[in-house]
2 protein chains.
Amino acid sequence: MRAITGWQEARDEALARIRARDWAPGERIPDEVALAEAWGCARATVNRALRDLAEQGYLERRRKGGTRVPLTPVRRATLTIPIIRQDIEERGQKPGYRLLSDLVETPPETLQQIMGTLPLRHIRALHLADDAPYCLEDRWLNPAVSEDVDFTALSPNEWLVGNVSYSEGTLAFHALPADAAHAEALNCAPGTALLALDRSTRAETPITWVRLTYAPGHRVEAGL
Amino acid sequence: MRAITGWQEARDEALARIRARDWAPGERIPDEVALAEAWGCARATVNRALRDLAEQGYLERRRKGGTRVPLTPVRRATLTIPIIRQDIEERGQKPGYRLLSDLVETPPETLQQIMGTLPLRHIRALHLADDAPYCLEDRWLNPAVSEDVDFTALSPNEWLVGNVSYSEGTLAFHALPADAAHAEALNCAPGTALLALDRSTRAETPITWVRLTYAPGHRVEAGL
DNA sequence: GGCTGGAATATGTATGCACATATTAACGCT
DNA sequence: AGCGTTAATATGTGCATACATATTCCAGCC
């Protein structure tokens, strides 16, 4: 076979063999040195290619154990965490924003396990796309982080992205029925099925917990 | 400062500087050669570290343009695509499966755009966790791929993973209200808000389109 | 002034080498 | 046979070097 030039080509070649079941699931594939020789490239190039495939779940690698095609490949999808304004703009719509409430409250029991028991700043805000409701931002914020920021014109989402980002966190999707508040804000009937995204963010201390509840029919797409 | 030993340490050092806004958003950071010299390691090591951070959205890199901290960091979360049986087992529950229907039909208009117009094999099946409904698998399958596979005992999900995997696809989350069929299968009231995951898979030709509708209250978690 | 083409530059990648490390496999002892 | 120690081995990583490539920037031209 023709010599392989770059690591991407090596990756494609390897993926082709996996897809063709030339390298069968559960089987060990030739080691890096052998592949490098067979493909006429350096071991580092093969390494890069196989490492890339392993990151995507197409291969499993272990020291000394060699590289093998997993029997049940756990594929990973990547999901770009939404920055709401950008999200809307990318859809070719005009973003809008309205602050609904901004209070200091004691969070409910379930939230206290994540954010602690201290009173938190509770912000509710509505994001609009072409003047139609897009999503409801229901956020609990560590007051030590936000201090005196004014969210009447700037959404907490946007402020956080610009000021407290680059942090750790968790993320989960679920569905919930619209309650009265959702119904009014998102302009839908109570009980409507809504997609919600819960996200908690922390650095050294808990920073924020937010639930984004999208307008009816919204879809969140993931890549790969 | 002390010399950096590995690329992970270099990555941590860089991430610390980003978090500390030592490298401010929008600003160019020193180039690889400078960092390598400052940190007492090879440029390849710095490259690996910064490349890793760029993949996670913490940095933006462009040839000749240098590396900079993005103003609005687009963070990426990774989401492991569920293999239902494993999913259930990892929760410490007993997986179960029941085939509901298996027919050859003409797909609805919206699906024809993805899967083509030919008649498709339409399979409906229920997955159980500890004998309780877990999720409903509503699948349209290219008959050329599945031929005469019997899905009474083995779920299409599992069969596909073992036989037609390593392919491309798309994935999206949304919420929908339970219709009569959902209600019966998932043992909930009609209209209940349900989380659904649509996934289409293709290699050279379209392979399958599936909607997994989860039992009420289910959450799908993403990492990072 | 505006456009074009060429130099300068930062990242991208390939290579050969060396050594580290995790794990398996083999060996030898009791 | 069973067990613990040791050697073998595949991947993980670091480094120095060289060249490739995409952009930016600037100079020079019209």
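What you see below is based on every heavy atom in this structure, not just the backbone, and it leaves out hydrogens, waters and symmetry mates. Per chain, numbering begins at 1; letters A, B, ... match sequence-line order.
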Please work out if [X] contacts a base, only the sugar-phosphate, or nothing of the nucleic acid, heavy-atom cut-off 4.0 Å.
{"X": "A:Q8", "answer": "sugar-phosphate"}
{"X": "A:R28", "answer": "sugar-phosphate"}
{"X": "B:G66", "answer": "sugar-phosphate"}

Could you please name the option among [options] that lies closest to any side-chain atom of [X]?
{"X": "A:T67", "options": "D:dT11, D:dT21, D:dG14", "result": "D:dT11"}
{"X": "B:R43", "options": "C:dT24, D:dA10, C:dG12", "result": "C:dG12"}
{"X": "A:R61", "options": "C:dG12, D:dG12, D:dC15", "result": "D:dG12"}
{"X": "A:E32", "options": "D:dG12, C:dT11, D:dA16", "result": "D:dG12"}

Between [atom2] of [N] and [atom1] of [X], the distance in whole Å:
{"X": "B:E55", "N": "C:dG12", "atom1": "CD", "atom2": "P", "result": "10 Å"}
{"X": "A:D31", "N": "C:dA22", "atom1": "CG", "atom2": "P", "result": "20 Å"}
{"X": "A:K64", "N": "D:dA8", "atom1": "NZ", "atom2": "P", "result": "11 Å"}
{"X": "B:I29", "N": "C:dT9", "atom1": "CD1", "atom2": "P", "result": "19 Å"}
{"X": "A:D52", "N": "D:dT11", "atom1": "CG", "atom2": "P", "result": "16 Å"}
{"X": "B:E60", "N": "C:dT11", "atom1": "CD", "atom2": "P", "result": "14 Å"}
{"X": "B:R63", "N": "C:dA7", "atom1": "CZ", "atom2": "P", "result": "20 Å"}
{"X": "A:R62", "N": "C:dA20", "atom1": "CZ", "atom2": "P", "result": "23 Å"}

Any [X] side-chain nitrogen or oxygen under 4.0 Å from OP1 or OP2 of [N]:
{"X": "B:T5", "N": "D:dG14", "value": "no"}
{"X": "B:N47", "N": "C:dG12", "value": "yes"}
{"X": "A:R51", "N": "D:dG12", "value": "no"}

### Query
If you count the non-hydrogen atoms of other residues, nucleotides and ligands that lie under 6.0 Å from CZ in A:R98, is the total more than 12?
no
### Message
Heavy-atom count check: over 12 atoms from other residues, nucleotides or ligands less than 6.0 Å from A:E37 CD?
### Response
no
### Query
Hey, mind stepping through A:V74 and B:I81 against side-chain contact (heavy atoms from CB on, under 4.5 Å) and telling me if it holds?
CA-CA 7 Å; A:V74 178; B:I81 296 173; over 6 Å; no
### Task
Answer yes if the side chains of B:R219 and B:Y214 hold a donor-acceptor pair under 3.5 Å, and no otherwise.
no
### Query
Do the ring centers of B:Y97 and B:H127 come within less than 6.0 Å of each other?
yes
